[in-house]
Amino acid sequence: QVQLVESGGGLVQAGGSLRLSCAASRRTLSSSAMGWFRQAPGNERRFVAAINWNGDITYYAYSVKGRFTISRDNAKNTVYLQMNSLNPEDTALYYCAAGRIVTIQTNPNYWGQGTQVTVSS
């Protein structure tokens with residue numbers, strides 16, 4: 001019912017920055033909150049950040065606090081993830097997600113196809 005399309009991934013050196021974007025095809029009651037997860041080979045998919053519709057509620061994984069910033073542009077129905085001070089541990093396939101703010105961290109309703117972020121040392 002909701003298509004999420006990520007972009008902005010790529011290869012960057014440690015200490016560099018990348019900005020990911022995710023455009024949603026539409027907003028529904030079950031997709032008003034949006035966020036990001038990541039998964040490295042051999043590891044489970046883990047929560048990174050989330051933001052509610054109004055942008056006044058944000059959640060971050062402890063490992064990215066102070067380095068990553070999530071934001072959104074509702075006119076474009078797009079969420080962004082600004083990633084600074086990247087390190088090799090940030091290397092993963094990053095997935096955009098949408099759902100309700102109260103449950104998006106554990107059970108998103110929609111997923112994007114993922115965009116690869118690779119950080120070299």
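For the single chain, residues carry numbers from 1 onward in sequence order.
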Checklist entry - Atom CZ of Arg100 and atom OG1 of Thr28: how far apart are they, to the nearest 0.5 Å? => result 7.5 Å
Item to check | Inter-residue atom distance Leu93.CG - Glu6.CD, 0.5 Å rounding | outcome: 8.0 Å
Next on the checklist: If you compare all heavy atoms of Pro88 against all heavy atoms of Ser120, which two are closest, and at what distance to 0.1 Å?
Outcome noted: CG-C, 4.4 Å
Item to check | Spacing of OH belonging to Tyr110 relative to SG belonging to Cys22, to within rounding of 0.5 Å | outcome: 13.5 Å
Checklist entry - How many angstroms lie between CD in Glu44 and CD in Gln39, if you round to the nearest 0.5 Å? => result 8.5 Å
Next on the checklist: Please tell me whether Leu4 and Tyr94 are part of a single hydrophobic cluster in this structure, the criterion being side-chain heavy atoms less than 4.5 Å apart.
Outcome noted: yes
Checklist entry - Any idea which heavy atoms bring Ile70 and Met34 closest together, and the distance? => result CD1-O, 3.9 Å
Item to check | Asn74 side-chain N/O to Trp53 backbone N/O, donor-acceptor pair under 3.5 Å | outcome: yes
Checklist entry - Per the ring pair (Phe, Tyr, Trp, His ring centres under 6.0 Å) rule, which among Phe37, Phe68, Tyr59, Tyr60 passes with Phe47? => result Phe37
Next on the checklist: Is any side-chain heavy atom of Gln116 closer than 4.5 Å to one of Thr91?
Outcome noted: yes
Checklist entry - What's the shortest heavy-atom distance between Gly112 and Tyr95, and which atoms? => result O-CD2, 3.5 Å
Checklist outcome for this item: Between Ile51 and Val79 the two heavy atoms that sit nearest each other are CG2-CG2, 3.9 Å
Checklist entry - Going from CZ on Arg46 to OG on Ser63, what distance comes out if it is rounded to the nearest 0.5 angstrom? => result 9.0 Å
Checklist entry - With a 4.5 Å heavy-atom cut-off, do Val117 and Arg38 have their side chains touching? => result no
Checklist entry - Which heavy atom in Leu86 sits nearest to a heavy atom in Leu18, and how many Å separate them? => result CD1-N, 3.9 Å
Checklist entry - Quick one: are Cys96 and Trp36 in side-chain contact, heavy atoms under 4.5 Å? => result yes
Next on the checklist: Less than 4.5 Å apart, side chain to side chain, heavy atoms only: is that true for Val5 and Gln113?
Outcome noted: yes
Next on the checklist: Could you report the tightest heavy-atom contact between Arg26 and Val2, atom names first, then the distance?
Outcome noted: O-CG1, 3.7 Å
Checklist outcome for this item: When rounded to the nearest 0.5 Å, the distance separating CG of Asn52 from CZ of Arg72 is 7.5 Å
